[in-house]
Amino acid sequence: MGIVDRIEIFPVKSLDGCQVDRARVTSGGALAFDRRWTLVDERGNFVNAKRYAQIHAIRSDFDLTELAITLSAPQMPNGRFEIDDPALAAWFSKYFDRPIQIQSNITSGFPDDTAASGPTIISTATLTEIASWYPHLATTEIRRRLRTNIEIAGVPAFWEDQLFSNNPSDFLIGAVSFRGMNPCQRCIVPTRNAISGSIDPGFQKIFSEQRAVTLPAEIDRSRFNHFYRVAVNTRIPASSGEKMLHIGDSIRFLLA
């Protein structure tokens, strides 16, 4: 069975991630600090990478102890801000040229899939396999584009597909209970360079074609209404709230 080789959280939705050695599960079934904050515009809409390609050019470094963030971006002054400092929202407002506010959800964060709001899971071998489909892209770039939380080592490419299998699957990572819900539907974000935001022509077409032919034979293809899907969306039950995930934790399935 695989082991956890990497844990990455994304404190501010659509900004850079933080690699950590361990992560606490919140009472809402999220990893603590993952997508805990989000930017919103004057209409209350998320200001994220789906809507604003220029967000890719922002570099961010988050201090989880001090709840502070260091930012840089083209034609913007570098700065370090406490997350609740009004100057932080002002920095984003200037960069996006519109009023920006910062919202927080300490319990469940701001996941894309609210029905499967736990951390996303992928194997290192999957990232390496996907990178091989694009001669100009490295595994590190694919990792940045897919923005998954938990990376599993010691297993083959697309091994994680069995974590949702033909129906939701129950499994443990360390002491934390999970339910694998579905293969994660990808959006426009992976088609863009993770640093510049520039589009890779044909990225989605190549991805979908290759995903269709590399889907493990034991996986029910009806779970895929299209093949622009990879990684597993999960749900963590309330009973695992406040438990810890660690690098090196192993995965084991719970028998029905």
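Numbering starts at 1 and runs along the sequence shown.
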Query raised in the report: Taking C-beta and beyond as the side chain, do P11 and R36 meet within less than 4.5 Å on heavy atoms?
Result: no
Query raised in the report: Are V189 and V230 grouped together when hydrophobic residues (ILVMFWY) are joined by side-chain heavy atoms under 4.5 angstrom apart?
Result: no
Report summary line: Taking every heavy atom of S108 against every heavy atom of P111, the minimum-distance pair comes out as O-CD, 3.5 Å
Report task. Determine the sole option in D112, N48, T38 for which the side chain to side chain donor-acceptor pair (under 3.5 Å) test with K13 is passed. Result -> D112
Report task. Measure from the side-chain N and O atoms of R252 to the backbone N and O of G174, and report whether any donor-acceptor pair falls under 3.5 Å. Result -> no
Query raised in the report: Does any N or O in the side chain of T128 come within less than 3.5 Å of the main-chain N or O of T124, such that one atom is a donor and the other an acceptor?
Result: yes
Query - N/O donor-acceptor pair under 3.5 Å between T26 side chain and T107 backbone - result: yes
Query raised in the report: With side chains defined as the heavy atoms from C-beta onward, is the minimum distance between W133 and I142 less than 4.5 Å?
Result: no
Requested in this report: Would you mind listing every salt bridge (charged side-chain N to carboxylate O under 4.0 Å, His left out) that reaches into residues 199-213, with sequence neighbours excluded?
Outcome: R145-D200, D161-R211, K205-E209
Query raised in the report: So, Y228 side chain and C187 main chain: donor-acceptor pair closer than 3.5 Å or not?
Result: yes
Query raised in the report: For atom CG of N225, is the number of surrounding heavy atoms from other residues, nucleotides or ligands below 6.0 Å larger than 12?
Result: yes
Query raised in the report: Just wondering, do V40 and N45 contact through their side chains at under 4.5 Å, heavy atoms?
Result: no
Report task. Quick one: list whatever passes side chain to side chain contact (heavy atoms under 4.5 Å, CB included) with V232, sequence neighbours left out. Result -> E160, L163, F164, T234
Query raised in the report: Has the side chain of S198 got a donor or acceptor atom that lies under 3.5 Å from a matching backbone atom of N193?
Result: no
Query raised in the report: Looking only at heavy atoms, which two atoms of A131 and A138 are closest? And how far apart?
Result: CB-C, 3.8 Å
Query raised in the report: Any side-chain heavy atom of I9 sitting closer than 4.5 Å to one from R35?
Result: no
Requested in this report: Could you check F96 against V47 for side chain to side chain contact (heavy atoms under 4.5 Å, CB included), going step by step and ending with a plain yes or no?
Outcome: CA-CA 9 Å; F96 289 103; V47 176; 3.8 Å; yes
Query - Side-chain heavy-atom pair T70, F81 within 4.5 angstrom cut-off - result: no
Query raised in the report: If you look only at pairs with a residue in residues 76-92, which of them pass as a side chain to side chain donor-acceptor pair (under 3.5 Å), with sequence neighbours excluded?
Result: D63-R80
Requested in this report: Consider only side-chain heavy atoms of I, L, V, M, F, W and Y, link residues closer than 4.5 Å, and tell whether I199 and L137 are in one cluster.
Outcome: no
Query raised in the report: Looking at residues at least two apart in the chain, or sitting in another chain, which of them share a salt bridge (charged side-chain N to carboxylate O under 4.0 Å, His left out) with R51?
Result: none
Query raised in the report: Just wondering, do Y134 and Q210 contact through their side chains at under 4.5 Å, heavy atoms?
Result: no
Report summary line: dist I251:CD1 -> L172:CG (nearest 0.5 Å) comes out at 10.0 Å
Requested in this report: Kindly indicate, with the supporting measurements, whether the criterion side chain to side chain contact (heavy atoms under 4.5 Å, CB included) is fulfilled by I122 and L127.
Outcome: CA-CA 8 Å; I122 201 167; L127 297 172; 3.7 Å; yes
Query raised in the report: How many angstroms lie between CZ in R229 and SG in C184, if you round to the nearest 0.5 Å?
Result: 8.0 Å
Query raised in the report: Looking at A49 and H56, what are the two nearest heavy atoms and their distance?
Result: CB-NE2, 3.9 Å
Report task. Could you walk me through whether S123 and T126 pass side chain to side chain donor-acceptor pair (under 3.5 Å), step by step? Result -> CA-CA 5 Å; S123 70; T126 296; 2.7 Å; yes
Query raised in the report: So how far is it from L88 CG to Q101 CD, rounded to the nearest 0.5 Å?
Result: 12.5 Å
Requested in this report: Report yes or no: does T148 contribute a side-chain atom to a donor-acceptor pair with the main-chain N or O of I150 at less than 3.5 Å?
Outcome: no
Distance-only check: which donor-acceptor pairs under 3.5 Å involve side-chain atoms of residues 241-249, not counting sequence neighbours?
{"residue": "E242", "atom": "OE1", "partner": "R24", "partner atom": "NH1", "Å": "3.2"}
{"residue": "E242", "atom": "OE2", "partner": "R24", "partner atom": "NH1", "Å": "3.3"}
{"residue": "K243", "atom": "NZ", "partner": "A175", "partner atom": "O", "Å": "3.3"}
{"residue": "D249", "atom": "OD2", "partner": "H246", "partner atom": "N", "Å": "2.8"}

**Report entry** Check: T120 main-chain N/O paired with N149 side-chain donor or acceptor under 3.5 Å
**Finding:** yes
**Report entry** Under-4.0 Å salt bridge between E151 and R143
**Finding:** yes
Report task. Give a yes or no on whether the backbone of S240 and the side-chain of S177 come within a donor-acceptor separation of less than 3.5 Å. Result -> no
Requested in this report: Dump the intermediate steps for side chain to side chain contact (heavy atoms under 4.5 Å, CB included) on D113 and N182, then the final yes or no.
Outcome: CA-CA 10 Å; D113 188 340; N182 52 63; 3.8 Å; yes
Report task. Would you check, one step at a time, whether the test side chain to side chain contact (heavy atoms under 4.5 Å, CB included) holds for R235 with F178? Result -> CA-CA 6 Å; R235 182 184 297 161; F178 284 80; over 6 Å; no
Requested in this report: May I ask whether I3 and I7 are part of the same hydrophobic cluster, defined by side-chain heavy atoms of I, L, V, M, F, W, Y residues being less than 4.5 angstrom apart, directly or through others?
Outcome: no
**Report entry** Same apolar cluster: F110 and I236, side chain cutoff 4.5 Å
**Finding:** no
**Report entry** Atom CD1 of I106: over 12 foreign heavy atoms under 6.0 Å
**Finding:** no
**Report entry** Pairs meeting criterion ring-ring contact (aromatic ring centres under 6.0 Å, His included) with involvement of residues 22-45, two or more places apart
**Finding:** W37-F62
**Report entry** Value rounded to 0.5 Å, distance of CD1 in I58 from CG in L15
**Finding:** 5.5 Å
Query raised in the report: How far apart are the C-alpha atoms of H226 and Q185, what are their side-chain angles, what is the distance that settles it, and do they pass the side chain to side chain donor-acceptor pair (under 3.5 Å) test?
Result: CA-CA 9 Å; H226 58 77; Q185 177 170 278; 2.8 Å; yes
**Report entry** I100 vs Y95 side-chain heavy atoms within contact, under 4.5 Å
**Finding:** no
Report task. Compare all side-chain heavy atoms of L64 with those of V20 and state whether any distance is below 4.5 angstrom. Result -> yes
Query raised in the report: Does CZ belonging to R22 count more than 12 external heavy atoms closer than 6.0 Å?
Result: no
Query raised in the report: Applying the 4.5 Å side-chain criterion to the ILVMFWY set and letting contacts propagate, would V4 and I121 be lumped into a single cluster?
Result: yes
**Report entry** Spacing of NZ belonging to K50 relative to OG belonging to S14, to within rounding of 0.5 Å
**Finding:** 8.5 Å
Report summary line: d(S250 OG, F171 CZ) to nearest 0.5 Å is 12.5 Å
Query - A194 backbone acceptor or donor facing E141 side chain under 3.5 Å - result: yes
Requested in this report: Kindly state whether the ring of F227 and the ring of F224 have centres lying under 6.0 angstrom apart.
Outcome: yes
Requested in this report: Mind listing the closest non-hydrogen atom pair of S60 and I69 along with its distance?
Outcome: CB-CD1, 3.9 Å
Report task. Please indicate whether Q75 has more than 12 foreign heavy atoms, meaning atoms of other residues, nucleotides or ligands, lying under 6.0 Å from its CD. Result -> no
Query raised in the report: Is R186 reaching over with its side chain to a backbone N or O of Q204, donor-acceptor style, under 3.5 angstrom?
Result: no
